[in-house]
**Student:** 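Following this message is one structure expressed as structure tokens.
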Amino acid sequence: MLNKTQIRYCLDVFEEMFPEAECELTHKNPFELLIAVVLSAQATDVLVNKVTPELFRKYKDPSDYLAVPLEELEQDIKKIGLYRSKAKNIQKLCRTMIDDFNSKVPETQNELEGLAGVGRKTANVVASVAFDEPAIAVDTHVERISKRLGICRYKDTVLEVEKTLMTKIPKSEWSDTHHRMIFFGRYHCKAKNPNCGECPLLFLCREGQKRKRKEEKIT
DNA sequence: AACTCGGGGCA
DNA sequence: TGCCCAGAGTT
């Protein structure tokens, strides 16, 4: 496990590699952000961004999503994939917002997580980006990077990863760190081919060192 | 913990 | 063609 000094070094490297990293799902209002993040499950943000401008022109508030038949909403988001469950969840989520939250997006993680199609990760993104709630959203990238480097344990659950990150990273840097880790994971430390050969963190990386030893054994 | 949903992007 | 993707719900 990395200590705080080593983790500090990782954060600095993330910043150096991806200084411009920002949340590409930062939309104007909480409702659009919520819908965009729900749509982004198992899909790339690039794909989501292709659909949302037109979608948000047609659907302004929760009642708009309920005003059309389910099949029409499915067609409108079909390009994204997993569209059947997402369309159904969006209508259900809008119904809950109207009935229980005065047509507004709830602001706490607990209330958000109670919405259809909203899990831990989505709830944390919306709470932190839209409402400035202190939270770290752990997606597959953040989880993979944390485990590979040794910021947390390999066998940690998502919740444990989240807890560990919150204790080991200064609160003021949660948001930036999150986005930089995602860029680091997407463009450099990929799931399939981590670019260990050109990685400035190789010397302290648990997974990288393991791969290196394996290679030296073969050659 | 494993399985399913799913079209688009990319090699 | 085949494989993967800023997850969530169900069993």
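Protein chains get the first letters and strands the later ones, always in sequence-line order, with residue 1 at the start of each. The structure presented is a predicted model; accordingly, all values stated were derived computationally and were not measured. Hydrogens, waters and symmetry mates play no part in the numbers below; they use all other heavy atoms, side chains included.
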**Student:** Test of understanding: with salt bridge (charged side-chain N to carboxylate O under 4.0 Å, His left out), list the residues that count as partners of A:Arg95, not counting sequence neighbours.
**Tutor:** A:Asp99
**Student:** Roughly how many Å apart are C:dT11 and B:dG6, using the P atom of each and rounding to a whole number?
**Tutor:** 16 Å
**Student:** Looking at every strand, decide which applies to A:Ala137 at a 4.0 Å heavy-atom threshold: base, sugar-phosphate, or nothing.
**Tutor:** nothing
**Student:** Rounding to an integer number of angstrom, what distance separates B:dG7 and C:dT10 when you compare their C1' atoms?
**Tutor:** 22 Å
**Student:** Quick one: A:Gln75 CD to B:dG6 P, roughly how many Å, whole number?
**Tutor:** 12 Å
**Student:** What residue pairs, at least two apart or across chains, pass ring-ring contact (aromatic ring centres under 6.0 Å, His included) with a residue in residues 60-82 of chain A?
**Tutor:** A:Phe31-A:Tyr65, A:Tyr59-A:Tyr65
**Student:** Between A:Glu16 and A:Arg180, does at least one N-O distance fall below 4.0 Å, as a salt bridge requires?
**Tutor:** no
**Student:** Counting side-chain heavy atoms from CB outward, which of C:dC5, C:dC4, C:dA6 is closest to A:Lys192?
**Tutor:** C:dC4
**Student:** Answer yes or no: does atom NZ of A:Lys58 have more than 12 heavy-atom neighbours from other residues, nucleotides or ligands under 6.0 Å?
**Tutor:** yes
**Student:** Going by the salt bridge (Lys or Arg N to Asp or Glu O under 4.0 Å) test, which pairs reach into residues 149-158 of chain A, not counting sequence neighbours?
**Tutor:** A:Arg153-A:Asp156
**Student:** Within 45° of the axis and under 6.0 Å from the centre of the six-membered ring of A:Phe183, does NZ or CZ of A:Arg186 qualify?
**Tutor:** yes
**Student:** Please state how far atom CZ in A:Arg120 lies from atom C1' in C:dA6, giving the value in whole angstrom units.
**Tutor:** 17 Å
**Student:** Between N or O atoms, less than 3.5 Å apart, protein on one side and nucleotides 9-11 of chain C on the other: list the pairs.
**Tutor:**
{"from": "C:dG9", "atom 1": "OP1", "to": "A:Gly117", "atom 2": "N", "distance (Å)": "2.9"}

**Student:** Strictly by side chain to side chain donor-acceptor pair (under 3.5 Å), give each pair with a member in residues 131-150 of chain A just once, sequence neighbours left out.
**Tutor:** A:His141-A:Arg144, A:Glu143-A:Lys147
**Student:** Output the rounded distance in Å from NZ (A:Lys190) to C1' (B:dA11).
**Tutor:** 11 Å
**Student:** Do A:Ile90 and A:Leu39 have side chains that approach each other closer than 4.5 Å (heavy atoms only, starting at C-beta)?
**Tutor:** yes
**Student:** Sort and list the pairs that fulfil side chain to side chain donor-acceptor pair (under 3.5 Å) and have at least one residue in residues 161-170 of chain A, not counting sequence neighbours.
**Tutor:** A:Arg120-A:Glu162, A:Asn124-A:Glu162
**Student:** Of all of residues 140-154 of chain A, which get a heavy atom below 4.0 angstrom from DNA chain C, listed by number?
**Tutor:** A:Thr140, A:His141
**Student:** Mind checking what makes salt bridge (charged side-chain N to carboxylate O under 4.0 Å, His left out) contact with A:Lys4, not counting sequence neighbours?
**Tutor:** none
**Student:** Who pairs with A:Asp100 by side-chain hydrogen bond (donor to acceptor under 3.5 Å, both in side chains), at least two apart in sequence or on another chain?
**Tutor:** none
**Student:** Can you tell me, in whole Å, how much space there is between the P of B:dC3 and that of C:dC4?
**Tutor:** 15 Å
**Student:** In whole angstroms, how far is the P atom of C:dA6 from the CG atom of A:Asp176?
**Tutor:** 20 Å
**Student:** Quick check on contacts: within residues 163-173 of chain A, what sits under 4.0 Å from DNA chain B by heavy-atom distance?
**Tutor:** none
**Student:** Taking only the P atom of each, what is the distance from C:dA8 to B:dG8 in whole angstrom?
**Tutor:** 22 Å
**Student:** Any Lys/Arg nitrogen of A:Glu207 or A:Arg211 sitting under 4.0 Å from an Asp/Glu carboxylate oxygen of the other?
**Tutor:** yes
**Student:** Would you tabulate the pairs of protein nitrogen or oxygen atoms and nucleotide nitrogen or oxygen atoms of nucleotides 7-10 of chain B closer than 3.5 angstrom?
**Tutor:**
{"from": "B:dG9", "atom 1": "OP1", "to": "A:Lys50", "atom 2": "NZ", "distance (Å)": "2.8"}

**Student:** Given atom NZ of A:Lys88 and atom P of C:dA8, what is their separation to the nearest angstrom?
**Tutor:** 18 Å
**Student:** Quickly work out the A:Glu162 CD to C:dG7 P distance and round it to whole Å.
**Tutor:** 15 Å
**Student:** Could you pull out every donor-acceptor pair under 3.5 Å between side chains of residues 193-201 of chain A and any protein atom, sequence neighbours left out?
**Tutor:**
none

**Student:** Is there side-chain contact between A:Val129 and A:Ser175, with at least one heavy-atom pair below 4.5 Å?
**Tutor:** no
